[in-house]
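Order of the sequence lines sets the chain letters (A, B, ...), proteins ahead of strands, with each chain counted from 1.
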Amino acid sequence: MGTIELKNVKKSFGTTDVIKDVSLIAEEGEFVVFVGPSGCGKSTLLRLISGLEETDDGTIHIDGEDVTKLDPYDRNLSMVFQSYALYPHMSVYENIAFALRTARVPKPEIDRKVREAAETLKLTSYLDRKPKDLSGGQRQRVAIGRAIVREPKGFLFDEPLSNLDAALRTQTRIEIAKLHKQLGSTMIYVTHDQIEAMTLADKIVVLKDGQVMQIGSPKELYARPNSTFVAQFIGSPKMNLLPNGSYDGQAMQFNKNVKITVGSVQGKPTVLGVRPEDITLCDPEASELRAKVAIYEFHGADNNVFVDVPGLGNLNIRADGKLDLKDGQSVGLKVDTSQIHYFDDSGARV
Amino acid sequence: MTTRQENRILAAPVVLFLLAMLGFPTIIDIIYSLSEVSFENLRSPSFNGGQNFVTVFNDAEFWSASWFSLKFGVTTAFAECALGLILAVYLAPIIRNNNWMIAVLIMPMIIAPVMMGLMYRLVLHEFVGSLPHYLYTWFNWSPAFLSRENVFLTVFTIETLQWTPFAFLLFYMAYQAIPSDMREAAAVDGTRPWRMFWYIELPQMAPTIAVGFFIRFIDGFRVFDNIFVLTGSGAGGSTTSLSIYIYLSFFRSGDIGKALAASVVLFCVAFVILFFAGRFLRRKRA
């Protein structure tokens, strides 16, 4: 119970195509995260699944049943909104109980379920309060409580943590992960924050301009991004991309003076991608790549270093926090060749 | 100069204005209501205790006028709010994309109530009115709109037709102000439209509905112009509202003391109602 499948779904607002032919499947109990930059259509996709927007073309299936034409209230899903969307005239208890009362669940059972949910979400002492007397984090927990008591076929989260401050966001994120383990239900979660995506997801769907760029587990996306877009979107700090290169069978040649020896590579890559943690600083004499430190930020455990490579531009490097760096200092760079990603001119992985 | 003094100086003009425009008439009102007074001895009223109040309370017409005003105020306010609410909710999806419709719908409010009375006097006229004419032509029958039995229904309908747009406008705004994600959250949670209306939308609109009902009740209770122009006091006093009663006592009978005693009673009742209504609304908001 709880598979959600989209087949060739399309949606446009006026002349703008917001969702262009999206197909994907969320298996039973899977935590799927839609991630992408603003305006990529991830929220629209969630609204299509919930039924709040009508699908123009294609079909949506829940447990194999075609629900494309069903109203939101017949789809048996639950949704948690960024703005919480609590009912201000009801107490916390009534907010959580509302959907159960709608479903005409017997009173003692409602009471048991509401108290159970409140216990899970640490809301027991707030049950009599109105939403306006709660903090942001508590309100979001009420919204989650409202969703879980119904035991729906799937949960939809629309950027639920965006309105919370940083500390609370991390804490609530962990609570959502725990909740998923505990309930084992299918969850679809929309965010623009790739850290939320990486930490929560079983499966990440990267979207851009209404199209799926790549679907995979966080590890897969990180290790084998299929395009420069995904490569730069997943991972923080961003992956370095070195464009306009040519492969000569031994090394990637970028400029007259700049080359990186990479060994044998299949195909004809022109763009080389390397993550900041896969470059290490070394003695300038010991390396074929020389650079000057432009800016470095000390983060404690590590240094976030930007170096200027003559003829190539800026590179971002994650270096040990114990290193003592100076602005303008000459350094050599050593690239871990086993961790290099290759792309062609169109941005596709080679 | 202290802030306190400054405040007093700055507030003085408006205080003086209010004292002159409201305070003075109120005091004169109270003095006259306790005196033997007519147009001949306006400057030298003679105190006669509560005699005027006794007259008013013993006057059957006063009680029937009060009953008319109360009945008229409550029924029109109720009908206007109910119709306004239905229109607001029912038309909201259409109006959202056609804003100009609001202008058309609130047009009756633009017409002065006196004009409304005059208009209906013509439309409902037994011999030249268009409505009786067509009723006779098509059905060979027409009710006597302004007869003692039917007149309440007639003025009730006229008032309701004119002021339903006010309730509609107020409720439409309140309906639009309900956050859409609240409706969406409820919809995804299995709430069907009917339950959505009763349990999510209506409670959100309740304060506005209470205010709308209250304003319409006050307006209906003190009704004067459109009814006075249409029927005067009505056959056998059937449309004598409290305002009309006071007007008639003052100008037709020249019974100034009685008229002002009635207006003082009206003032006291209005004050008590306003006081409790205000408290009720404040508690609702808190």
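- With His89(A) contributing its side chain and Tyr199(B) its backbone, the two residues share a donor-acceptor pair below 3.5 Å.
- Within a 6.0 Å radius of CZ in Phe267(B), no more than 12 heavy atoms belonging to other residues, nucleotides or ligands are found.
- Between Gln204(B) and Pro88(A), the closest side-chain pair of non-hydrogen atoms falls below 4.5 Å.
- Other residues, nucleotides and ligands contribute at most 12 non-hydrogen atoms within 6.0 Å of the CG atom of Asp128(A).
- The shortest heavy-atom contact between Arg150(A) and Val188(B) is NH1-O, 3.3 Å.
- Taking a cutoff of 4.0 Å between a charged side-chain nitrogen and a carboxylate oxygen, Asp74(A) and Arg192(B) qualify as a salt bridge.
- Other residues, nucleotides and ligands contribute only 12 or fewer heavy atoms inside 6.0 Å of the CD atom of Glu119(A).
- We find the CD-CZ distance between Glu184(B) and Phe81(A) to be 5.0 Å, quoted to the nearest 0.5 Å.
- Within a 6.0 Å radius of CE in Met115(B), no more than 12 heavy atoms belonging to other residues, nucleotides or ligands are found.
- The number of heavy atoms from other shown groups lying within 6.0 Å of CZ (Phe78(B)) does not exceed 12.
- The candidate from Arg75(A), Gln82(A), Arg146(A) with the greatest count of non-hydrogen atom pairs under 4.5 Å with chain B is Arg146(A).
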Evaluate the criterion side chain to side chain contact (heavy atoms under 4.5 Å, CB included) for residue pair Asp189(B) and Phe98(A); output intermediate values, then yes/no.
CA-CA 9 Å; Asp189(B) 260 346; Phe98(A) 185 72; 5.8 Å; no

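- Listed here is the closest heavy atom pair of Thr102(A) and Arg195(B): OG1-NE, 2.8 Å.
- Between Thr191(B) and Tyr73(A), the shortest heavy-atom distance links the atoms O-CD2, 3.4 Å.
- With a 4.5 angstrom heavy-atom cutoff, Leu156(A) does not touch chain B via any of its atoms.
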Give the C-alpha distance, both sets of side-chain angles, the deciding distance and a yes or no for side chain to side chain contact (heavy atoms under 4.5 Å, CB included) between Ile200(B) and Met90(A).
CA-CA 9 Å; Ile200(B) 305 290; Met90(A) 298 183 195; 4.0 Å; yes

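- Chain B is approached within less than 4.5 Å, heavy atom to heavy atom, by Arg47(A), Ser50(A), Leu52(A) from residues 36-56 of chain A, ordered by number.
- Taking a 6.0 Å sphere around CZ of Phe17(B), one finds it holds 12 or fewer heavy atoms contributed by other residues, nucleotides or ligands.
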